[in-house]
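Working notes, structure below.
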There are 2 protein chains.
Amino acid sequence: MKKRITLKHIANQFDVSIATVSKALSDSYEISAKTKEKIQQYAKEHHYKPNSVALSLLNKKTKTIGVIIPNIMNNFFAKVFVGIEEKATEKGYSLISCISNESYEKEVKTMELLKNGTLDGFILSLAEETQEKEQYQHLKNTINEGVPMVLFDRVTDEIACDKVIVDDFEGARNATNHLIKTGCKRIALISVIDNLSVGKLRAKGYEKALTDNNITIDPKLIVKIGKREDFETAMKIVLADKSIDGLLCLEESSAVQSLEIVKRMGYHMPNEMSIICFTNGKLPQYVTPRITTISQHGKYIGEMAAKILIDRLEGEIDAPFQTKVIKTSLIERESTKRI
Amino acid sequence: MKKRITLKHIANQFDVSIATVSKALSDSYEISAKTKEKIQQYAKEHHYKPNSVALSLLNKKTKTIGVIIPNIMNNFFAKVFVGIEEKATEKGYSLISCISNESYEKEVKTMELLKNGTLDGFILSLAEETQEKEQYQHLKNTINEGVPMVLFDRVTDEIACDKVIVDDFEGARNATNHLIKTGCKRIALISVIDNLSVGKLRAKGYEKALTDNNITIDPKLIVKIGKREDFETAMKIVLADKSIDGLLCLEESSAVQSLEIVKRMGYHMPNEMSIICFTNGKLPQYVTPRITTISQHGKYIGEMAAKILIDRLEGEIDAPFQTKVIKTSLIERESTKRI
DNA sequence: ATGAAAGCGCTAACAT
DNA sequence: ATGTTAGCGCTTTCAT
């Protein structure tokens, strides 16, 4: 069990100063060829690695990004994380990652904790609870302290920083238009995330598509189901209205559950009932019929967020903030009719 | 945009030495009450936070754990990560996390990169490619350099370190026994992960259950499907044998795909065909019929791995290595008959 | 009760 | 070509 070796050890080894060793290892022209060679060789043999903590202290840069994800079991967030990780690695950054678990308190504590010098900037998506409470002081503080931050997906206008968001409005509008074009007359919106900014935007997109097509918005068809309500019961009440022939589900598990209920009720899909949902995870692809989804391009969003943050860290610190809006794609499967 | 404040700033503010400030903030008895009070108050008002990089350099401890996950889109690994994160946070540790993406090279590079002083220890599960190549030099080096490491799930006997593993053998044996008890006569093993240590163990458990029940092992029923093969084609060939009435799938997506094929072939489930699979994710729960699964208790495994590593970091450095074996649980659903 | 000094590992400006 | 010094932010021992 040989310990990590330092410049000092090498310096002692050859009876030179630490500075000489440092320069030799960085191949400085100031050092003679043979000194360089013997020192470099020794360093390699003994697996010398510069202590990055010391370097961080010196440079006041840690090459580390703090990532706060509301819930890693969520397919979309997992994909975003993959994207962040890939881009960060490519650019030589490490990730300190935390899960807020949708909790406001955890989010606040995590931010406070990590603002201790261990990282250069943050990438995060707001916890559900944070969006409900609309309390953003911890984010404002972070910005004020000069720590760069990129918000993605679940964002807020209250914070001035770089953002990467999904075009939720347009995604929902497109999807609803698609349902209309394929012949659906009565489309219900199923939202279990109306407490989230993205949920509200998607609902707006749905409404816009209806009015664009001169369809009256029927509040009975805008179904908001809370976390504590029994989803199945709620859906059965909704589906008592037999005229409904299309569902726009705002995330995947409610879609899969709805599909189940609809099938049990004897609907023929997609002829008698169509379903589209947000989030293109595994779930919608493996059920029968496979569900048409709206892909949010999670991985790309992650890459973009990482790129923007790193550009800011390494470039002009006071470039204007940008908000990148990522277009969604409709992935047609068997739960919707062909045009 | 006020910058981070340091002890030096405070010291200048009150015309005292840095040492005095440091002591005052740690409430040392050496400092007079009123000096302490004014310094503490000033520090609080200005949100003083000790620079953890400086502390890390001083203490030679970073309170950071490196986590290398083969694939975060995998439900099991995501759960493990949640467990690690929870326990680490509880104990005051941060996580530097990387995704090896099942690549040997990425795993090696990541380890090399992170062994630069930024972390106190590793928690990791081997990449698929690493297990295929059976090259573990990078892990041995890490151990030799005195960096504590906990391996979970995908481990190897070649490395002496703490481990947390699933009782894969027993889990497969139990599941197979369950199929036999519920009347299955010809059970096929479907493995798309025979290149993994866990895949091999599960296959052994399956065989053991058969021999325990005096059933001859039929090599035709041990189906190993490679990543590059077309799963559906392979399965259809297998299922040409109409005597097969049970499937033990070694991970979830092959189970869901098999289910699909079986349903299309007109089998009635679970009467004519039973399915059990490893990994209790969302997928098996949302398909019809819901699939009976073997839960590996991923979150618990993560917690345990974090606990063991932290205990080693904070306790006796040379306690004997332990291998914790976590029992699986069979979660009965509709894809298997009742006893 | 307070301060000076050393040191964690490293780099860089400035000698020699 | 090599060394000395200072300093990144902090704690701790040893003066005073």
Side-chain angles (χ1 to χ4, degrees), chain A residues 2-40 42-43 46-64 114-120 145-147, chain B residues 2-40 42-43 46-64 114-120 145-147:
Chain A
K2 33 184 178 175
K3 277 274 144 247
R4 138 159 287 105
I5 191 183
T6 68
L7 292 187
K8 199 176 176 181
H9 298 333
I10 306 184
N12 289 336
Q13 198 65 217
F14 294 100
D15 250 320
V16 294
S17 74
I18 294 175
T20 303
V21 178
S22 172
K23 287 172 187 165
L25 290 178
S26 58
D27 220 10
S28 162
Y29 66 95
E30 292 178 274
I31 307 297
S32 74
K34 62 172 182 284
T35 307
K36 279 203 283 200
E37 198 179 348
K38 69 183 182 189
I39 288 180
Q40 286 174 3
Y42 184 91
H46 292 72
H47 307 105
Y48 168 76
K49 281 222 191 64
N51 181 323
S52 71
V53 174
L55 288 175
S56 293
L57 184 58
L58 197 59
N59 302 326
K60 301 191 166 209
K61 280 192 191 164
T62 60
K63 285 271 214 169
T64 301
L114 295 181
K115 285 190 309 186
N116 58 4
T118 33
L119 46 82
D120 297 343
E145 288 162 30
V147 183
Chain B
K2 35 184 175 173
K3 279 272 144 249
R4 138 159 289 103
I5 191 182
T6 68
L7 291 188
K8 199 176 176 183
H9 297 334
I10 305 183
N12 289 338
Q13 197 65 216
F14 293 102
D15 251 317
V16 293
S17 73
I18 293 174
T20 302
V21 178
S22 172
K23 288 172 186 166
L25 290 178
S26 57
D27 221 10
S28 162
Y29 66 95
E30 294 179 274
I31 306 296
S32 75
K34 62 171 181 285
T35 307
K36 279 203 281 200
E37 198 179 348
K38 70 184 180 188
I39 288 180
Q40 286 173 5
Y42 185 91
H46 292 73
H47 308 105
Y48 168 76
K49 281 220 192 65
N51 180 322
S52 71
V53 174
L55 288 175
S56 293
L57 184 59
L58 198 59
N59 302 325
K60 301 191 165 210
K61 280 191 192 164
T62 59
K63 285 273 216 169
T64 301
L114 294 182
K115 284 190 309 186
N116 59 3
T118 32
L119 46 81
D120 297 343
E145 287 162 30
V147 183

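This structure is a prediction, so every number in the text was calculated from the model and none was measured. So that the names make sense, note that chain A is the first sequence line, chain B the second, and so on, each numbered from 1. Keep in mind that the numbers below use all heavy atoms, side chains included, and drop hydrogens, waters and symmetry copies.
- Checked against A/Ile10 for a side chain to side chain contact (heavy atoms under 4.5 Å, CB included), the options A/Thr20, A/Ile18, A/Val21, A/Val16 give a single hit: A/Val21.
- Comparing the local axis fitted to the first five base pairs of the helix from C/dA1-D/dT16 to C/dT16-D/dA1 with the one fitted to its last five gives a bend of 60°, rounded to 10°.
- Residue contacts shown for A/Phe14 are absent, as no nucleic acid heavy atom lies under 4.0 Å away.
- For A/Thr20 and D/dG3, the shortest distance from a side-chain N or O to OP1 or OP2 is below 4.0 Å.
- The salt bridge (charged side-chain N to carboxylate O under 4.0 Å, His left out) check on B/Asp15 picks up nothing, with sequence neighbours excluded.
- Looking only at side-chain heavy atoms (C-beta outward), A/Tyr42 and A/Ile5 come within less than 4.5 Å of each other.
- Residue contacts for B/Val16: at a heavy-atom cut-off of 4.0 Å it reaches the sugar-phosphate backbone alone, with no base atom in range.
- Between chain B and DNA chain C, the heavy-atom contact criterion of under 4.0 Å yields a 5' to 3' nucleotide range of C/dA1 to C/dG9.
- B/Leu7 is listed as a side-chain neighbour of B/Leu25, based on a closest heavy-atom distance under 4.5 Å.
- Backbone-only contact: B/Asp15 has heavy atoms under 4.0 Å from sugar-phosphate atoms and none from a base.
- Checking the phosphate oxygens (OP1, OP2) of D/dT2, a side-chain nitrogen or oxygen of A/Thr35 falls inside 4.0 Å.
- Using a 4.0 Å heavy-atom distance criterion, A/Thr6 is classed as a sugar-phosphate-only contact.
- Sorted by first then second residue, the salt bridge (Lys or Arg N to Asp or Glu O under 4.0 Å) pairs that include residues 17-29 of chain A, not counting sequence neighbours, are A/Lys23-A/Glu30, A/Asp27-A/Lys36.
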At under 4.0 Å between heavy atoms, which parts of nucleotides 11-16 of chain D does protein reach? Answer with one letter per nucleotide, 5' to 3': B base, S sugar-phosphate only, - none.
BBBB--
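- In this structure, B/Lys60 and B/Ile31 both approach DNA chain C, and ranking their closest nucleotides by distance from the 5' end singles out B/Ile31.
- Listed here is the closest heavy atom pair of B/Val53 and A/Gly117: CG2-O, 3.3 Å.
- Considering only residues two or more places apart in sequence or on other chains, B/Lys60 meets the salt bridge (charged side-chain N to carboxylate O under 4.0 Å, His left out) condition with none of them.
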